[in-house]
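Every chain is numbered from 1, with letters handed out A, B, ... down the list of sequences.
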Amino acid sequence: MELVEESPYRFRIDRHDPMRVPGVVFASRSLLPDAGEDRSLEQVANVATLPGIVDASYAMPDVHWGYGFPIGGVAATDVANGGVVSPGGVGFDISCGVRLLAADLDRDGLRPRLDALMDGLGEATPRGMGRGAVWHLSDRAELDAVLRGGSRYAVERGFGVERDLHRCEDAGAVGDADPARVSERAIERGARQVGSLGSGNHFLEVQAVEEVYDDTAATAFGLRPGQVCVMIHCGSRGLGHQICTDYVRKMEQVMARHGIEVPDRQLACAPVTSAEGRAYLGAMAAAANYARANRQLLADAARKVFARVTGSRLDLVYDISHNLAKIETHGVDGERRALCVHRKGATRALPPGHDDLPDDLRDVGQPVLIPGSMGTGSYVLTGVPGAPAFASTCHGAGRVQSRKQAVRSERGLDPRAQLAARDIAVRGASRRGLAEEMPAAYKDVSAVVAAAEGAGLCRKVARLVPLGVVKG
DNA sequence: ATGTCC
């Protein structure tokens with residue numbers, strides 16, 4: 001794949017047939033994927049062939065190989081000009097994302113109670129493959145209410161406070177969710193997992209604010225140096241996975257009928273305005289609401305533990321997805337256009353002044369939550385005016401080793417002991433699960449964030465370090 | 001990511 005270096009953190013893949021637009025990769029040279037092991041830059045070029053795509057097929061500095069689209073990919077299609085929506089551009093874990101809460105407690109004050117707190121959080125957090133949930137739903141109607149109402153419904157049912165919703169993307173619920181477009185199998189898988197963490201790279205971490213880069217923004221977000229925080233990273237569990245599976249299959253069947261050809265079957269898609277496109281977006285929105293309710297419920301469970309063990313409160317900083325497609329209005333060639341913006345392993349980063357921000361954040365911009373690899377640290381960023389890529393930035397460290405490779409390179413080592421040696425208390429997770437998530441399997445999140453900032457996609461606000469982690 | 005193959 002030929003890359004042209006346009007500026008220090010921006011590379012271009014020139015348009016060549018059948019690409020409709022160029023590819024743009026925001027990265028430093030050392031962060032670029034190794035073409036021998038990772039074909040994600042070919043995927044960037046493949047995405048550029050999609051009908052209706054505008055500007056460019058973008059990749060963030062944490063780009064790596066994914067299903068059809070790269071993880072760390074951003075692509076927007078023009079709804080009124082045959083623009084398509086592709087389930088592979090959202091990913092299997094629909095509305096996977098991050099929620100950050102800030103405690104009225106400093107790390108020194110927590111130290112004597114950290115072990116008891118981690119024990120409590122470990123017990124209160126259902127996790128792992130398939131097992132357990134915070135909320136056992138009474139019937140299908142209640143699951144439909146979750147699919148329509150997201151965090152808002154969870155708050156209405158007593159799992160949170162009204163203020164939480166002001167600090168959630170979409171005020172806690174995506175509009176246009178259509179539970180009727182969710183298959184029975186997806187419903188069955190989702191019904192018993194509402195309020196559960198999952199496994200893999202999902203986690204609940206107790207963290208401390210290690211460094212503040214922007215006092216004004218940090219204060220507006222409710223963050224200060226030394227403060228204890230809780231970060232929750234999880235998604236839509238089996239429900240989102242099943243919806244992605246269902247609609248990839250459906251779109252593979254109807255693509256030819258819509259006159260669409262793609263270079264990779266995993267890019268299955270349909271026009272946004274087609275019956276299949278609208279059905280997917282309705283089901284995807286339902287899964288997004290499920291993921292948000294999931295994070296709301298886990299946060300509520302963590303709040304109860306915090307109150308009992310430490311006597312302190314947890315205020316929501318923000319809740320934001322990094323796997324979603326959204327219909328948004330952006331300027332294209334000097335015109336305002338409705339675009340279907342796919343962000344897969346990429347985070348929306350609204351700049352200061354944006355209409356969709358709550359009043360108390362309007363002057364500083366949207367909090368962007370970037371989970372690092374396990375045990376290394378995480379970042380809080382914010383959007384910047386006039387940024388490229390439809391107000392998007394990176395979503396995390398980005399894998400460099402497959403799960404299998406990671407397990408192999410940890411052979412003979414004890415991942416739990418390595419974390420304990422760095423004073424990080426671990427609850428849950430199998431040895432294998434931990435080995436798959438060790439920092440060696442990931443890029444350096446600080447380098448990823450520096451590249452994202454260098455590329456003009458976002459600005460650093462604060463860095464958080466882990467004190468304890470609950471894993472699936 | 002994921003009842004890691006209905």
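Counted by atom type alone, His395(A) and Asp62(A) present one or more donor-acceptor pairs between their side chains at under 3.5 Å. Side-chain contact check for Glu410(A) and Gln418(A): at least one donor-acceptor pair (N or O, by modelled atom type) lies under 3.5 Å.
Taking a cutoff of 4.0 Å between a charged side-chain nitrogen and a carboxylate oxygen, Arg399(A) and Glu437(A) qualify as a salt bridge.
As judged by a 4.0 angstrom heavy-atom cut-off over every strand, Glu188(A) is placed among residues making no nucleic acid contact. Residue contacts for Gly235(A): at a heavy-atom cut-off of 4.0 Å it reaches no nucleic acid atom on any strand shown. Backbone-only engagement by Arg237(A) is indicated by non-hydrogen atom pairs under 4.0 Å involving sugar-phosphate atoms exclusively. Here Arg432(A) lies out of heavy-atom contact (under 4.0 Å) with every strand.
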Review point. Given Val407(A) and Arg411(A), is the side chain to side chain contact (heavy atoms under 4.5 Å, CB included) satisfied, shown in steps?
Key: CA-CA 6 Å; Val407(A) 169; Arg411(A) 192 168 287 167; 5.6 Å; no
Practice item. Please assess Gln242(A) against Asp246(A) for the test side chain to side chain donor-acceptor pair (under 3.5 Å), listing each intermediate value before the final yes or no. Key: CA-CA 6 Å; Gln242(A) 188 63 48; Asp246(A) 292 341; 2.9 Å; yes
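If you take CZ of Arg185(A) and C1' of dC6(B), they are 6 Å apart, rounded to a whole angstrom. When the P atom of dT4(B) is taken as reference, atom CD of Glu436(A) falls 14 Å away, rounded to whole Å. Taking atom CE of residue Met129(A) and atom C1' of nucleotide dC5(B), one finds them 12 Å apart after rounding to whole Å. Protein atom CG of Asp246(A) is 16 Å distant from nucleotide atom P of dT2(B), rounded to whole Å. Going from atom CD of Gln405(A) over to atom C1' of dT4(B) covers 17 Å, rounded to whole Å. Between the CZ atom of Arg189(A) and the P atom of dC5(B) there is a distance of 12 Å, rounded to whole Å. Atom CD of Gln242(A) and atom C1' of dT2(B) are 10 Å apart (whole Å). dT2(B) atom P lies 10 Å from atom NE2 of His233(A), rounded to whole Å.
Considering only side-chain N and O atoms, Gln193(A) lies under 4.0 angstrom from the phosphate OP1 or OP2 of dG3(B). Within the 4.0 Å cut-off from OP1 or OP2 of dT2(B), not a single side-chain nitrogen or oxygen of Thr245(A) is found.
Along DNA chain B, the nucleotide closest to Arg249(A) and the one closest to Leu239(A) are compared, and the more 5′ of them pairs with Leu239(A).
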